[in-house]
Structures are given as structure tokens and as C-alpha cells.
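Reading through the C-alpha cells given below for one structure.
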There are 2 protein chains.
Amino acid sequence: MQNILFDFISKYISLTEDEKNAILSLDLFRSIKKGTILLKEGQKSKDEYFVLKGCIRKYYLTDGEEKTTAFFTEMEGLTPHCAISKTPSEYYISCIEDTILLVSNSDMGIEINSKFPKFELMCRILSEELLAKQQIDFDEFKTSSPEQRYLNLLQKRPDLIQRVPQHQLASFLGIKPQSLSRLRARILEKKI
Amino acid sequence: MQNILFDFISKYISLTEDEKNAILSLDLFRSIKKGTILLKEGQKSKDEYFVLKGCIRKYYLTDGEEKTTAFFTEMEGLTPHCAISKTPSEYYISCIEDTILLVSNSDMGIEINSKFPKFELMCRILSEELLAKQQIDFDEFKTSSPEQRYLNLLQKRPDLIQRVPQHQLASFLGIKPQSLSRLRARILEKKI
DNA sequence: AAAACTCGTTCACTTAAGTTAAGTAATTCA
DNA sequence: TGAATTACTTAACTTAAGTGAACGAGTTTT
């Protein structure tokens, strides 16, 4: 598991053995059971998550209805808004599979960044990359129809469609579960 | 104009006179005329933009149709995807008003970041903040209807609705100009 | 000044998503 | 194992967005 992490980091910066040990000594690895809720609406948490294996899901609960807006799988990180703004969380985060996470918090972030300035660099690059990727995703979402979004997802993240419940996928695509069912039926009909 | 910049920076880090002079010596300020295209599809530019005054717009051109996905106004920055990924740009950026910009490029970024490590910190904080904000925006977009999005924009960015042409606003809201017209008429009718 | 163009709106029509309800399959739980 | 719950699909109906066309107001071009 540790190797997976260091392989990932090595894409951005090179670490000495000392630095690797410093990271390991922080003891960030967590095994989480499917269904566990990591963050609830209203909570003030400083925790940040990085998925090594499994899948976590971000969702809002409005009028008793869950609205899933994001999934994070292998090698994807999530810094909840509440950890940055220090306000209560507006959303929930839960594990939809048994998951292995890195859980760090902003205080540790500050500590390790001041000890190892390299980290600051990696964090900047990572969040700039993520920001750019996110903007592309947002652009694609805005400029396409639900059907196009589904077909696009089928191309880019076929795994998600397999591992995630349909009703959670639906709100991720910005539609209702019934519409997703219908849309899938429509696509199948076209193919025949 | 310089004071506006330093006031903004002072929210994140404190600068010495030397550092301020180093920034000014880079000569980043640009006055751009309304209608100027800063970046075209297919171009490989390393330029990044920060709006001091005015408004710039990001849009895709598909099948001869412009699809506007973002506006950037005072104190908002845009690092085009092509500047990070070093691939040709998929979109256009143009000024929709006479605009004063800071234009920097990634090479300068590397130079200044290595001279002043403080900058690395500010850039990380800025892009993390922006990422979190962007995620909230994306979530809101996903979980709301075109009408709700319009009403939401009316609350949060009433200036945009004034300063931006309707047909550009429409694609920003993920709909066609005709639908925006109809939607506005519908809202007015409800109020009466 | 007339012609051409752009922009916003409206209309009629088509298509697809939202809503409500019902039914079936699959999973969880007692 | 049987009951309860949850997940997914289908259907009928409603509502809203997409489409193509037309119009007038305001600009720009020639």
C-alpha cells in the first residue's frame, strides 16, 4: 500500500528515505468499511482524504433526498470545503466500497509543508492540475445533454457505471434515476 | 492599479518592498480592448491571466456555435488548461469589456516561485480555494434546474447578468438563448 | 441611406426530463 | 426463511428545454 503512495508521489517530486519515513511516521493509512460515513452535514472537520483503494462519494441531503455530486476512486483526493473555509460542512462523504484512505488534516499539512518545502510544490501542482481537470469536466457538463454526459462517462469512466448504484449515478449526471433508466433504454434501442 | 494587486496579495501573504518591486519589474500589466481574443483554439500558450478590471470569457467553438462556459471578472484568475498540460488549447478566451489584466506565464511563475518561496504558498492556497469554490459551483449546477441556476446567479452575481450578453449567459447556464428568454418571461409572470 | 448583421424575443412544434405510481428483482434483516 | 426494505425499471402524464422560423430593434457595413 505504501508503495502505491510513493509511486504516485514520485510522479511529482522525488523523496529521500528520510522524507518517506517522515510521511510513514504520520500514520495516515485507514481501512474503512463500506457504508461508513466519513463526514456529515454540519460537522466541522479538518480532515482531507486521498483514496488508495475503493471509492468514496460526496452527497448533499436536501428535502430528505440524497444528491450525489462526486465520486473519488483510486489516486484521487478530496479536500472538503469545510476543511478550507472552517465552516460546517454542507455535505456528506461516505464510503461506497471497503476503502483504504490516507486521512490527513490541515494542521498536519502545515507541519509537513514547513518541514519539507517540496511538499508545498507538489500540493500546488496537484491542486492546479485538479483545478484544470475539474474545469474541463464542468465545461463538458455544461455543454452537453444528459444522454451525452452518460455516453461520455461510459467512455471515460466505464468502471464507475459498474461499481456505483444507478440512483447515485443519476444525480451525478444531473438527472433523476427514472430518467437515467429511460435514457439507457433509449440508447439500447438505438443500437439495435 | 498596482495597489489593487498588492491589496489582493496581502490577504494571503505579506510582501516586503523588495518583493513588491520584483513583481513590478516583471511588467505584467496589460490593457486590453473589448473584443480582443487572448487565446484561440489550437494555440499553445503558457500565459495565465488575472483580471484587475473588466471581464474575460472562455468559450468553445463547436459546429460553428460558441459555447461560453466561464466568465472571469475583477480579482479572478484563469490558468488555461493548455498552459498546464502543454497541449493545444481546446477553447477561446476573449475580452468582453475593456480589461486590465496581469499576464504571466508558467516560466515566470517558476522563476518567481523559486526566488520567493512565499509565492508558492500563496499559489497553493489560491488554487485550493479556487478548487473548493469551483466544486461548490459544480455541485450547485448539477443539483439545480436551469431556472434555479438563473435565480441563483441573480442572487450571487447580479452584475454578470447586466454586463454579459444574454446568448453568452445562456450557454453559461447550460441552455439555449431561446430557453433563457422563455425562462425569464416565465419568472416575470410568476412575480405578477 | 440602404443593406447586412447581431441580438433578444416570441411562436409552434418536437423531444426529453420531471413526477407520480406501480411492479419486479435484489438485498438486508429479524 | 420469510418479511421488509431498497434498487431498478416501466408507464402515463406534465412540464420544460430543444429546434426552426419569424420579427423588430439596434449596430455595423458599404
Side-chain angles (χ1 to χ4, degrees), chain A residues 33-37 55 57 59 61-68 71 92 94-98 141-154 160-192, chain B residues 33-37 55 57 59 61-68 71 92 94-98 141-154 160-192:
Chain A
K33 272 239 159 349
K34 176 176 173 171
T36 306
I37 295 180
C55 183
R57 160 185 162 244
Y59 63 97
L61 197 57
T62 45
D63 312 321
E65 195 187 359
E66 285 185 7
K67 297 193 170 179
T68 300
F71 300 101
Y92 294 77
S94 79
C95 293
I96 63 171
E97 297 173 0
D98 289 345
F141 194 94
K142 275 188 182 173
T143 58
S144 57
S145 67
E147 185 171 326
Q148 288 172 317
R149 281 173 218 153
Y150 176 79
L151 291 169
N152 191 29
L153 195 67
L154 207 55
L160 265 192
I161 295 177
Q162 296 307 316
R163 69 206 283 195
V164 158
Q166 296 295 310
H167 66 282
Q168 291 173 12
L169 255 191
S171 52
F172 181 68
L173 293 170
I175 56 176
K176 303 286 163 188
Q178 297 91 321
S179 297
L180 179 53
S181 264
R182 179 167 41 195
L183 180 158
R184 281 155 63 95
R186 201 164 61 219
I187 289 170
L188 276 176
E189 215 168 73
K190 281 183 195 169
K191 278 189 185 167
I192 299 163
Chain B
K33 270 243 158 348
K34 175 176 175 173
T36 306
I37 295 181
C55 183
R57 158 185 165 245
Y59 63 99
L61 197 57
T62 45
D63 312 320
E65 195 187 359
E66 286 186 6
K67 296 192 171 178
T68 300
F71 300 102
Y92 294 78
S94 79
C95 292
I96 62 171
E97 296 174 0
D98 287 346
F141 194 94
K142 275 188 180 170
T143 58
S144 56
S145 66
E147 184 171 327
Q148 287 172 317
R149 281 174 219 152
Y150 177 78
L151 291 170
N152 190 29
L153 195 67
L154 208 54
L160 265 193
I161 296 177
Q162 296 307 317
R163 69 206 282 193
V164 159
Q166 295 296 307
H167 66 282
Q168 292 174 9
L169 253 191
S171 52
F172 180 68
L173 293 169
I175 55 177
K176 302 287 164 191
Q178 297 93 318
S179 297
L180 179 55
S181 263
R182 180 168 40 196
L183 181 159
R184 282 155 61 95
R186 201 164 61 219
I187 289 170
L188 276 175
E189 215 168 72
K190 281 184 194 166
K191 280 189 183 166
I192 297 164

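Each chain gets a letter, A, B and so on, in the order the sequences are listed, and its residues count up from 1.
Residues A:Leu183 and A:Pro146 form a side-chain contact, since some pair of their non-hydrogen atoms from C-beta on lies under 4.5 Å apart. Looking at A:Ile96 and A:Phe71, their side chains come closer than 4.5 Å, going by heavy atoms from C-beta outward. A 4.5 Å side-chain heavy-atom check between A:Arg182 and A:Ile175 finds every atom pair outside the cut-off. Using a 4.5 Å cut-off on side-chain heavy atoms (C-beta onward), B:Leu173 and B:Leu153 make contact. Between A:Arg57 and A:Ser94 there is a side-chain heavy-atom pair separated by less than 4.5 Å.
In this structure, A:Pro177 reaches neither bases nor backbone, as no heavy-atom distance under 4.0 Å exists between it and the strands shown.
Between B:Asp63 atom CG and D:dT19 atom P the separation is 11 Å, expressed in whole Å. In this structure, CZ of B:Arg184 is placed 14 Å from C1' of C:dT10, rounded to the nearest angstrom. As a whole-Å value, the separation of A:Leu183 CG from D:dC8 P is 15 Å. Atom-to-atom, CD of B:Glu147 to P of D:dA17 comes out at 7 Å; the value is rounded to the nearest Å. In this structure, OH of B:Tyr150 is placed 17 Å from C1' of D:dA16, rounded to the nearest angstrom. The separation between B:Leu180 atom CG and C:dT9 atom P is 7 Å, rounded to whole Å. Distance, A:His167 NE2 to C:dG18 C1': 18 Å, rounded to whole Å. As a whole-Å value, the separation of B:Lys176 NZ from D:dA17 C1' is 10 Å.
Between B:Lys34 and B:Asp98 the shortest heavy-atom distance is N-OD1, 2.7 Å.
Side chain of B:Ser179, nearest nucleotide from C:dA17, D:dA21, D:dG18: D:dG18. For B:Gln178, taking side-chain heavy atoms from C-beta onward, the closest of the listed nucleotides C:dA17, D:dT10, C:dT10 is C:dT10. Each of D:dT10, C:dT10, D:dA17 was ranked by its minimum atom distance to the side chain of A:Ala185; first place goes to D:dT10.
Note on ring orientation: taking the six-membered ring where Trp is involved, the planes of A:Phe141 and B:Phe141 are perpendicular (angle over 60°, cut-offs 30° and 60°).
Each end of the helix from C:dA1-D:dT30 to C:dA30-D:dT1 gets its own axis from five base pairs, and the two axes differ in direction by 50°, given to 10 degrees.
Applying the 3.5 Å distance criterion, the base of D:dG18 shares a donor-acceptor pair with the side chain of B:Arg182.
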